[in-house]
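Let me begin by presenting the structure, written as structure tokens, before commenting on it.
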Amino acid sequence: DSVEVQIEDQEFQLEPDNELRFEVENKNETVVLELKTGLAEIFGTELVKGKSYTFHFGAKIAVFTWQGCSLKLRGKKGISYISKETPMMFYLNCHASLEQLRVKSEKENIRGPVTMVVGPTDVGKSTLCRILLNYSARMNALGRRPIYVDLDPGQGQISVPGTIGAVMVERPAEVEESFSQAAPLVYHYGHTNMSINSTLYNTLISRMAEVIHQRMDENPRINCSGLIINTCGWVKGKGYQHLTHIALAFEVDVILVLDQERLYNELVRDMPVFVKVVLLPKSGGVVERNNKFRLEGREARIREYFYGSPRNVLHPHTCEVRFSDIKVYRIGSPPIPNTLMPLDMQKTDLETKLEPVTPGLNMMHHILALSFSTTVEEDVVRTTVAGFVCVTNVDTSRQMLTLLSPQPKPLPETIYLMSDVQFMDNNA
Ligand code: ATP
């Protein structure tokens, strides 16, 4: 039931409940979209009639209309098509149910809905989160302030890959951008895969849940709006255990399961009865991304952190610091054989241990997170981070590191946490 057409600079008529899907497939290609008549939205953000929206390489877009509309696409060389089958009605119903829970929480002065979105890779988890957040932010008369929590360290939607984070959503995301990033809450994990240090991952989840619950208790508006939690696509074995840990730590009320009956059944079996588990279909438009594409996505995310986007160009600084002037740590020590392990120490203690790193070539291209802690006497591991730098050069003869940084000068007392994540700065 999808109509496929080859186009270049073309107009589309969409019936109610249809969507136009397209991708920007080539580097240097840009596609410009314009809404000519009617009403339309992209992942929950309404389009403004007559405004040009520009999309760059890697964008995978669906323009959906509840009422019908006409659209113009300029510069599109590959395939784009209109689909009449979308799960948008299910997603809208989810939003309506969450809204009912928010109204109830306002009336009864209790916590609003804590929603977790789960499912395997490439089923549209991030997209569903975005739609639900945009729908609640669009009801501005109600002043909703949901918190978006992204627990997938592989993509780093809120900050850079290797972190998990949360941000309060006050208004719908701009069509071409992610949610505005005022004062995000960011924790350094240091890896893109949860399995590398499960103990640390779970420790950070518990801490983050604690901090967010506290914010909810202090702010009635955030409290009744609730949370939308995005998770990672690893749903089997240990990955499943992470999901149940997240559900417990954040005290979730609703779990939206995309596209996997087995996962749905497991959660129905294992969750307390008051947790509502809902199975939802995935959209046929969700595009599968291979490892190469994911890697490129990570790189693009880090580049954007330092250099901004075409709409918001940033100018990072390059600075040199002496090896002796910088305090760098990593979290988690290499495993030691059981026989050498001190009696009062557990394996899990090692995984959350702060270990000093001696500056040198081992730091080349690595991302370093700037902790909000200033001494190691503080709880550095469970403290949020303020930002990131990237090591772009190591000069062992002069004992100097070159850092790419959003700030002109590093502060002397900063504690840096070294990430496994690397970034090659081709702009330098
Ligand atoms: P991950 O496996 O990384 O957790 P995910 O399940 O969160 O992925 P998304 O990131 O939401 O999946 O979606 C994958 C890609 O598909 C995104 O680039 C998104 O823009 C695109 N996409 C989602 N829905 C549609 C749609 N209806 N039509 C076209 N593209 C879509």
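Counting convention: from 1, in listed order, for ligands and their atoms alike. Note that the structure is a prediction, hence the values are computed from the model and not measured.
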Aromatic ring pairing Phe423/Phe306, orientation class (parallel under 30°, perpendicular over 60°, tilted between) |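 Rings of Phe423 and Phe306: parallel, under 30°.
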
Hey, can you tell me if Phe250 and His213 have their rings parallel, tilted or perpendicular (30° and 60° cut-offs)?
->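 Perpendicular: the ring planes of Phe250 and His213 meet at over 60°.
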
So, are Lys49 and Glu34 salt-bridged, with charged N and O less than 4.0 Å apart?
->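 Here Lys49 does not pair with Glu34 in a salt bridge, since their nearest N and O are not under 4.0 Å apart.
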
Are any of the side-chain nitrogens in Glu106 or Arg144 under 4.0 Å away from the carboxylate oxygens of its partner?
-> yes

What pairs with Asp152 under side-chain hydrogen bond (donor to acceptor under 3.5 Å, both in side chains), at least two apart in sequence or on another chain?
->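 In terms of side-chain hydrogen bond (donor to acceptor under 3.5 Å, both in side chains), with neighbours along the sequence ignored, Asp152 is linked to Gln155.
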
Gln67 atom CD, over 12 foreign heavy atoms within 6.0 Å = yes

Ligand-protein N/O pairs under 3.5 Å (ligand 1):
unit_1   : atom_1 : unit_2 : atom_2 : d
ligand 1 : 2 (O)  : Asp122 : N      : 2.8
ligand 1 : 2 (O)  : Arg294 : NH2    : 3.3
ligand 1 : 3 (O)  : Gln155 : NE2    : 2.4
ligand 1 : 3 (O)  : Arg289 : NH2    : 2.9
ligand 1 : 3 (O)  : Arg294 : NH1    : 3.0
ligand 1 : 4 (O)  : Lys125 : NZ     : 3.0
ligand 1 : 6 (O)  : Val123 : N      : 3.1
ligand 1 : 6 (O)  : Gly124 : N      : 2.9
ligand 1 : 6 (O)  : Lys125 : N      : 2.9
ligand 1 : 6 (O)  : Lys125 : NZ     : 3.1
ligand 1 : 7 (O)  : Lys125 : N      : 3.3
ligand 1 : 7 (O)  : Ser126 : N      : 2.8
ligand 1 : 7 (O)  : Ser126 : OG     : 2.8
ligand 1 : 8 (O)  : Arg289 : NH2    : 2.7
ligand 1 : 10 (O) : Arg289 : NH2    : 3.3
ligand 1 : 11 (O) : Ser126 : N      : 3.3
ligand 1 : 11 (O) : Thr127 : N      : 2.8
ligand 1 : 11 (O) : Thr127 : OG1    : 2.6
ligand 1 : 12 (O) : Gly124 : N      : 3.2
ligand 1 : 16 (O) : Val287 : N      : 3.3
ligand 1 : 20 (O) : Lys60  : O      : 2.7
ligand 1 : 27 (N) : Glu19  : OE2    : 2.8
ligand 1 : 27 (N) : Ser283 : OG     : 3.1
ligand 1 : 30 (N) : Gly285 : O      : 3.2

